[in-house]
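All remarks here apply to the structure that follows.
We count ligands from 1, going down the list as the structure has it; atoms in each ligand are counted the same way.
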Amino acid sequence: MATETKQTTGARTGEQFLAGLKGEGREIWLEGEKVTDPATHPKLEGAARSLARLFDLQHEDPETFLFPSPDTGQPVNVTHVQPKRREDLERRRVASKRIADATGGMMGRTPDYLNYTFACFAARADVWARYGNEEGARNLVEYQRLMRDNDLSLTHTLINPQVDRSVAEADQLGGEISLHKVGDTENGIVVRGARMLATLAPFADELAVYPGSDLRLQDAKYAICFSIPMDTRGLKFICRDSYSSRRDPFDYPLSTRFDEMDAVAIFDDVEIPRDRLFLDGDPQLHSEVITDSHWRAHIIHQAMTRAWAKLEFAFGMAHTMAELTGVNSFDHVQEKLGEMWTMMELTRAGVIAAEAGSFQAEGDGIDDWVPDERSFVALRGVMPKWIPRAIELMQLVGGGGFMTTPSKADFEGPMRELIDKYFQGRNAPAERRVRAYRLAWDFVGSALGGRGELYERFYLQDSFRMTALAYLLADKKHPTELVEQFLVD
Ligand SMILES: Cc1cc2nc3c(=O)[nH]c(=O)nc-3n(C[C@H](O)[C@H](O)[C@H](O)COP(=O)(O)OP(=O)(O)OC[C@H]3O[C@@H](n4cnc5c(N)ncnc54)[C@H](O)[C@@H]3O)c2cc1C
């Protein structure tokens, strides 16, 4: 067993996390350059530091963040817990909320996201072991121990590239585009193709691949799940432009800190060692592992906790702007602020409702405590609309104030006296007003702000299909009974 024979780190410090990201073996390409050390790269260092801060946070507040590893006894992050009771759900949510609060919800893929995923998969090894996949299920359980006990940071990539969505993924350009298996080796399998996006790639130790869409039964070679180190030979990432502004944090308070980066993952004949292979060639199992492991309920627990923090942050910014210019004295502005508060509160209520209705998964020997997913399915459909709506409402509250925002250099230059006079807020000095509006602009209007909006629209698939799914999953029994009682004499 990996955890018995290898030394483990337990919960890491920020410094340990950053040291682990260095290496010539990684092929992460950013604006034409290979990145070998994100922690010192001028376009990545801000986010690297913010993530390192989250690793340090767990040592500053062990009561919130740490619990003893069931295998090693070392303190490990509580977001790796396999919940056995409602209190476990609440405890990991408190930790995730602290993480989301520390980043204003701006980083969607802080490592707790995949910690929930693999804890959920390992707790349901029985599902992964179906149809003779016992070895894959064992590998997965071992892997979850490894990531938990070494505090690994993971990225994941689920969706195949957008070459032609009108045909099955396996049919795109003769089947060569989507990630697929091309052969077996003595030690494992070889895979080729690409996956559309892996957020957090420069800041990850490992890359996970698991199902993101259903496959046809004839598409067995596309049914593969595994996790591998980022420096695995043949694994390459091409990043989008960096939005991490090299300006002073005064000017871009969020872009300088929270650009978590997105990258296309290319598998240029990558060998996946057998002990890192969780599923190999079974499209039926590929579609069952997500639904039957209750992954949706567990992952949306993390996702809506972060969304709650992000809506709180947005509401806080809108309220601060409105106070600074006095526009919250107008009833229609109050209505807009009230709408933002409502979205935030309904998200909080949805998270608590899912915990309140949580239950023990059914089945012999199964020990998995699952959130009630109904409020999560509802929120998953509306959140891609709510956060863009919150952004729109912030624009309507802020008006042209976003454009009356001199930079730090202006504050330090000869115009300071005039700025202090003409850029004041209501009962607030110019610097406070400008800082608040610059912060809000980094949320609603900067390159990072635009990316954040797109992320919320799509990171859990689109709102259209998710809301349709809400209808398909809905328990229609009682609503139908209410109707039926009036359809008979
Ligand atoms: C910022 C960002 C970060 C991301 N990070 C990750 C990540 O870390 N890991 C990861 O795996 N994925 C990631 N994703 C990808 C995300 O999972 C996809 O964006 C999402 O699944 C939607 O797929 P798509 O972008 O290919 O859009 P498409 O599926 O191409 O959709 C584009 C439009 O076509 C419509 N459409 C497409 N197909 C259909 C259909 N069959 N029926 C009806 N309408 C359809 C959609 O509704 C939408 O309006 C990220 C996306 C973004 C924007």
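Counting only N and O atoms by type, the side chains of Gln58 and Asp151 include a donor and acceptor under 3.5 Å apart. A donor-acceptor contact under 3.5 angstrom links the side chains of Thr199 and Asp262, judged on distance only. Of the N and O atoms on the side chains of Tyr437 and Thr405, not one donor lies less than 3.5 Å from an acceptor on the other residue.
Residues forming a salt bridge (charged side-chain N to carboxylate O under 4.0 Å, His left out) with Lys181 (at least two apart in sequence, or on another chain): Asp184, Asp280. With sequence neighbours excluded, no residue forms a salt bridge (charged side-chain N to carboxylate O under 4.0 Å, His left out) with Glu15. Partners of Arg124 according to the salt bridge (charged side-chain N to carboxylate O under 4.0 Å, His left out) rule, which considers only residues two or more places apart in sequence or in another chain, are Asp126.
Near ligand 1, heavy-atom contacts under 4.0 Å come from Arg109, His156, Thr157, Leu158, Ile159, Gln162, Arg165, Met196, Leu197, Ala198, Thr199, Asp262, Arg451, Leu454, Tyr455, Phe458, Tyr459, Gln461, Asp462, Phe464, Arg465.
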